[in-house]
Amino acid sequence: MSSRAGHPPQGEKARIIVCDDDPDMRETLVEFVAMQGYAVEQAIDGATLRRLVPKLRPDLVLLDLNMPGEDGLSLARWLKSDHHCAILMLTAMGSLSDKVVGLEMGADDYLPKPFELAELRARIRAVLRRTMSPVVVNGRPPERMRFGRCVFDLAERQLFDDAGNGLPLTAMEYDLLYVFATHPRRVLNRDQILELAHNRQWDPYDRSVDNRIARLRKKIEVDPAHPRVLRTVRGEGYMFEPGDL
């Protein structure tokens, strides 16, 4: 495998676990993934992966298909059913049947060994784009979504209470609501929120995002002190729990 070192993706903080029992392969992959700017951890086998995933909540797992002990197919089924993270399956066997079985078990993509690191980089980015992409309905983002005691109209850029009264909404508050509306039930850290809002003027290391979310909670939550709509996931970020219109 060979590739020139590239620049890390701007603001990218996706979390990736490399699970491969081959120490040389695993070391190469971990080093390369880290060079791309991702947060990366490694697992030497299925048991290690099962310990890491609940703690790290990865966005993507690079998963070797053939490992001693629990194999990649069993792990892929577990990852998809219990943790809903993306999977890029790696295997030395490149037959069509292996690919089909891997995809049926929930893998988001499949890359047979040996492969060029440049191709791996492209596959990682493509999988993350797909799995972190906005929710769409008939090819478009939803027009309206319930946020607690309010309804957010994405097209009108307006927030309404249940009586139909418009509530004041700044441009930055709209950007935040749009990000959460198009990424429901997904934990987003500050830097991911900034990237998705296309607003790098906010500093992810200050309290700008937190302060704006606190103001939004006062508008949408029944009890802002105990938020149930824009939830805080300790040590991770924020997650939007949508309600029914």
Report yes or no: do [X] and [Y] belong to one cluster of Ile/Leu/Val/Met/Phe/Trp/Tyr joined by side chain heavy-atom distances under 4.5 Å?
X	Y	value
Ile193	Leu169	yes
Met239	Leu176	no
Leu128	Val30	yes
Tyr38	Met25	yes
Leu52	Met67	yes

Determine, step by step, whether Leu90 and Lys113 satisfy the side-chain contact (heavy atoms from CB on, under 4.5 Å) criterion, reporting the C-alpha distance in whole Å, the side-chain angles of both residues, the deciding distance to 0.1 Å, and the verdict. CA-CA 7 Å; Leu90 312 174; Lys113 302 174 184 176; 4.0 Å; yes
Less than 4.0 angstrom from a charged side-chain N to a carboxylate O is my criterion; do [X] and [Y] meet it?
X	Y	answer
Glu236	Arg190	no
Asp210	Arg215	no
Asp21	Arg26	no
Glu173	Lys219	yes

Of the non-hydrogen atoms in [X] and [Y], which two are nearest, and what is the gap between them?
X	Y	answer
Met89	Gly72	CE-O, 3.8 Å
Pro224	Pro227	O-CD, 3.4 Å
Lys80	Ala86	NZ-CA, 3.9 Å
Gln158	Leu167	NE2-O, 2.9 Å

Drop me the distance from [X]'s [atom1] to [Y]'s [atom2], to the nearest 0.5 angstrom.
X	Y	atom1	atom2	value
Leu62	Ile124	CG	CD1	5.0 Å
Thr28	Asp20	OG1	CG	10.0 Å
Leu56	Leu49	CG	CG	9.5 Å
Arg146	Phe160	CZ	CZ	12.5 Å
Arg57	Asn189	CZ	CG	11.5 Å
Ile213	Tyr238	CD1	OH	4.5 Å

Would you confirm whether [X], through its side chain, and [Y], through its main-chain N or O, come within 3.5 Å as a donor-acceptor pair?
X	Y	answer
Asp108	Leu88	no
Arg123	Tyr110	yes
Asp71	Ser74	yes

What ring pair (Phe, Tyr, Trp, His ring centres under 6.0 Å) pairs are there with at least one residue in residues 46-66, not counting sequence neighbours? none
Contacts of type salt bridge (charged side-chain N to carboxylate O under 4.0 Å, His left out), residue Glu156, not counting sequence neighbours: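 Glu156: no salt bridge (charged side-chain N to carboxylate O under 4.0 Å, His left out) contacts found.
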For Glu31, check salt bridge (charged side-chain N to carboxylate O under 4.0 Å, His left out) against everything at least two apart and list the hits. none
Are side-chain heavy atoms of [X] and [Y] found at a separation under 4.5 Å?
X	Y	value
Leu111	Glu119	yes
Leu29	Val40	no
Leu75	Arg50	yes
Asp161	Arg149	no
Pro58	Val61	yes
Cys85	Leu60	no
Arg121	Gln36	yes
Gln42	Ile17	no

Taking atom types as modelled, find out whether Thr48 and Asp45 have a side-chain donor-acceptor pair closer than 3.5 angstrom. yes
Flag for Thr91-Asp64: side-chain donor and acceptor within less than 3.5 Å: no
Using the six-membered ring wherever Trp is involved, compare the ring planes of Phe240 and Phe147 and label them parallel, tilted or perpendicular (cut-offs 30° and 60°). parallel
Leu63 vs Leu79, test: side-chain contact (heavy atoms from CB on, under 4.5 Å). Steps then yes/no. CA-CA 10 Å; Leu63 182 61; Leu79 287 167; 4.3 Å; yes
Just checking Phe152 against Tyr174, ring centres under 6.0 Å apart?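 Yes - the distance between ring centres of Phe152 and Tyr174 falls below the 6.0 Å cut-off.
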Heavy-atom neighbours of Glu241 CD exceed 12 at 6.0 Å: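 Atom CD in Glu241 is packed in, count exceeds 12.
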Does Arg228, at its CZ atom, have more than 12 non-hydrogen atoms belonging to other residues, nucleotides or ligands within less than 6.0 Å?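 Count not over threshold, so no.
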Starting from the C-alpha separation in whole Å, work towards a yes-or-no answer on side-chain contact (heavy atoms from CB on, under 4.5 Å) for Thr182 and Leu154. CA-CA 10 Å; Thr182 52; Leu154 286 73; 4.3 Å; yes
